[in-house]
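Letters go in sequence order (proteins before strands), and every chain restarts at 1. Side-chain atoms are counted along with the backbone in the values below, which use heavy atoms only and exclude waters and symmetry mates.
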There are 2 protein chains.
Amino acid sequence: MAHSSDIALSFSAPRKGRATRRGARATAAEPPSLRDLPLFATVDDATLARLSLDAKVETYEDGAVIFRQGDQVAAIVILLHGFVKVLRIASCGDETLIGIRADGETVGEPPMDANEHYRVSAEAIGPTSVLKIPAARFARLMKESQSLCAAVVKDSKDKIAALVGEIESLKAQNADQRLAHFILSLCPPGEEQCRFRLPYDKRLIAARLGVKQETLSRAFAKLREHGVRTETRDVLVESVSRLAEQCEQLGRPARLPSERADDPDREDAA
Amino acid sequence: MAHSSDIALSFSAPRKGRATRRGARATAAEPPSLRDLPLFATVDDATLARLSLDAKVETYEDGAVIFRQGDQVAAIVILLHGFVKVLRIASCGDETLIGIRADGETVGEPPMDANEHYRVSAEAIGPTSVLKIPAARFARLMKESQSLCAAVVKDSKDKIAALVGEIESLKAQNADQRLAHFILSLCPPGEEQCRFRLPYDKRLIAARLGVKQETLSRAFAKLREHGVRTETRDVLVESVSRLAEQCEQLGRPARLPSERADDPDREDAA
DNA sequence: CGCCGACTTGAGCAATCTCAATCATGGTGG
DNA sequence: CCACCATGATTGAGATTGCTCAAGTCGGCG
């Protein structure tokens with residue numbers, strides 16, 4: 001399933017114009033420019049060079065398993081292109097989606113020594129390419145390079161912040177609110193009206209938000225009243241700021257008992 | 001709905017007789033032996049000594065705010081004794097419990113530089129004592145000591161694992177199952193039958209499990225059929241292994257259609 | 001003794017899930 | 001070009017879970 005290739009990252013880091021530039025070799029001095037990856041942005045040159053020595057690019061097809069919960073950690077995995085499902089598998093077989101990683105993010109935890117086990121599984125969503133650096137080497141370098149270690153701390157803190165946000169939304173928001181926040185997170189900043197395509201299918205979005213597909217569909221339907229038009233996979237947000245305001249509103253049981261002096265029932269302000 | 005209150009856990013932490021041990025001095029040479037704290041167990045002596053210089057102990061009463069979301073990070077906080085609520089406050093004022101920290105755990109994230117802001121609030125549950133080391137010094141030492149940096153990475157990884165588990169249970173388990181798991185986590189390992197006292201009041205347990213108090217109460221009632229007796233705050237688990245087995249069972253819709261030929265009440269089959 | 005806060009319990013309601021049917025869409029083969 | 005299927009998405013109806021509101025119990029403390 002895994003199509004290894006210690007060369008040829010034909011498309012590695014397409015977000016920037018550079019990166020691939022004339023066949024960036026994997027094991028070569030500069031794989032897909034490690035420096036461009038957020039994790040390595042602040043790492044010292046010497047360490048980066050050494051990391052590059054063992055870095056290799058792998059590509060996966062849709063649905064391919066990148067690593068499996070319980071397996072020994074073989075490498076640190078950094079997503080170059082595509083999306084990756086991170087999920088947790090219970091003893092009874094239930095799979096729970098923990099998160100979805102996008103370009104530049106690390107998948108799973110950076111290994112501190114060569115004897116850890118993955119605590120989650122990772123699976124490609126659509127064709128993806130990842131950068132892998134063997135766990136043993138990475139762990140060794142982390143012991144030697146303060147800047148690498150600090151980078152890992154930073155990465156972990158970001159992850160913790162994201163997970164905390166996730167817990168907050170699961171505990172404190174209903175499906176409609178979670179969807180609204182999700183959509184807002186997809187809107188390019190600074191634009192009042194925007195149109196874009198959902199990054200993955202609705203089944204996945206539902207899992208990401210922690211609801212069933214049908215519930216997501218109904219949530220989309222409800223947001224239609226708040227200026228969110230959808231056509232299969234394309235979304236048009238008529239007013240980002242209005243949607244943001246109405247996020248809290250979506251929480252109450254339809255209408256709030258206080259100060260309802262003048263609104264018998266308020267569908268929308270027309 | 002803020003509700004910070006002084007919930008008067010008059011009995012808060014009766015498990016140990018000692019608390020602030022006759023005014024443990026702050027800036028003294030050896031606060032409560034940093035070496036004993038999990039975070040510092042593997043830190044080199046020199047760094048530990050330097051950390052000790054600025055470490056000080058502080059005590060809080062029930063309900064006291066230890067730090068507030070949004071404030072600038074002043075220190076790393078390590079819980080010495082008691083329990084601490086970690087919560088997140090939304091713009092609308094909603095407080096969401098993220099977790100509860102116990103002895104030896106860090107509260108909030110270790111600061112990497114002196115200019116961060118807390119992303120959560122922390123509040124004492126019952127009388128607590130914490131160790132504080134100023135953020136600036138801690139951050140500086142983290143840059144200088146590889147072992148300290150590694151310790152922080154380890155701490156973060158543990159936190160991530162805990163948060164991932166939390167998300168898994170919120171997404172994949174119902175209230176009964178979450179309570180069962182919670183109770184199991186309180187059982188001393190290796191004992192088939194056990195009796196203990198809940199670490200904090202049921203309101204907090206409910207928040208921790210992400211349900212309302214009433215729902216928790218009903219969940220306790222349901223577990224009674226599975227060998228979990230409760231008396232206000234004391235719990236008796238008749239069979240730990242049995243409870244563990246029945247965790248999954250608690251998920252299904254009461255009874256599963258398969259292999260249920262002898263179903264006692266079957267009136268709705270008309 | 002009586003209040004207060006924590007806990008429990010009941011009844012109705014809201015959100016979400018489940019099951020099932022329908023509909024759109026894209027690809028395939030005839 | 002169209003019938004046909006597979007998959008994803010939508011929609012409806014009913015069951016279930018958990019929430020809200022409200023009353024009532026229990027235990028400690030002033």
Tell me which donor-acceptor pairs under 3.5 Å the side chains of residues 197-212 of chain A have, and how far apart each pair is, sequence neighbours excluded?
residue: A/R197; atom: NE; partner: A/D234; partner atom: OD1; Å: 3.2
residue: A/R197; atom: NH2; partner: A/D234; partner atom: OD2; Å: 3.2
residue: A/D201; atom: OD1; partner: A/R203; partner atom: N; Å: 2.9
residue: A/D201; atom: OD1; partner: A/L204; partner atom: N; Å: 3.0
residue: A/K202; atom: NZ; partner: A/T232; partner atom: O; Å: 3.0

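When each of A/H226, A/H181, A/Q246, A/K222 is tested with A/D176 by the rule side chain to side chain donor-acceptor pair (under 3.5 Å), just one qualifies, namely A/K222.
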Under 3.5 Å, N/O pairs linking protein and nucleotides 9-13 of chain C:
residue: C/dG10; atom: N7; partner: B/R218; partner atom: NH1; Å: 2.9
residue: C/dG10; atom: O6; partner: B/R218; partner atom: NH2; Å: 3.1
residue: C/dA11; atom: N6; partner: B/R218; partner atom: NH2; Å: 3.2

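Protein atom CG of B/L179 is 11 Å distant from nucleotide atom P of D/dG18, rounded to whole Å. Atom-to-atom, CD of B/E231 to P of D/dG28 comes out at 12 Å; the value is rounded to the nearest Å. To the nearest angstrom, P of C/dA15 lies 17 Å from CG of A/L209. Distance, B/I125 CD1 to C/dA6 C1': 16 Å, rounded to whole Å. Separating the CD atom of A/Q173 from the C1' atom of C/dA15 is a distance of 15 Å, rounded to the nearest angstrom. The nearest whole Å value for the distance from the CG atom in B/D234 to the C1' atom in C/dA6 is 15 Å. Computed from coordinates, the A/L216 CG to D/dT10 P distance equals 8 Å when rounded to whole Å. The distance between atom CZ of B/F220 and atom C1' of C/dA6, rounded to the nearest whole Å, is 13 Å.
The side chain to side chain donor-acceptor pair (under 3.5 Å) check on A/E109 picks up nothing, with sequence neighbours excluded. In this view, B/R229 and B/E238 satisfy the side chain to side chain donor-acceptor pair (under 3.5 Å) rule, not counting sequence neighbours. Qualifying side chain to side chain donor-acceptor pair (under 3.5 Å) partners for B/E168, counting only residues two or more places apart in sequence or in other chains: A/R88. Judged as a side chain to side chain donor-acceptor pair (under 3.5 Å), and not counting sequence neighbours, A/S169 has no contacts.
Side-chain proximity of A/R203 to D/dG8, C/dT8, D/dC19: nearest is D/dG8.
Applying the side-chain hydrogen bond (donor to acceptor under 3.5 Å, both in side chains) test to residues at least two apart or on different chains, the pairs with a partner in residues 186-195 of chain B are B/E192-B/S239, B/E192-B/S241. Pairs of residues two or more places apart, or lying in two chains, never qualify as salt bridge (Lys or Arg N to Asp or Glu O under 4.0 Å) while including a residue from residues 179-190 of chain A.
Surrounding CZ of A/R233 are more than 12 heavy atoms belonging to other residues, nucleotides or ligands, all under 6.0 Å away.
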**Study point:** Reading 5' to 3' through nucleotides 22-27 of chain C, protein heavy-atom contacts under 4.0 Å coded B for base, S for sugar-phosphate only, - for none
**Key:** ------
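Summary of the strand contacts: B/K212 and A/Y200 both lie near DNA chain D, and taking for each the nucleotide with the nearest heavy atom, the more 5' one is attributed to A/Y200.
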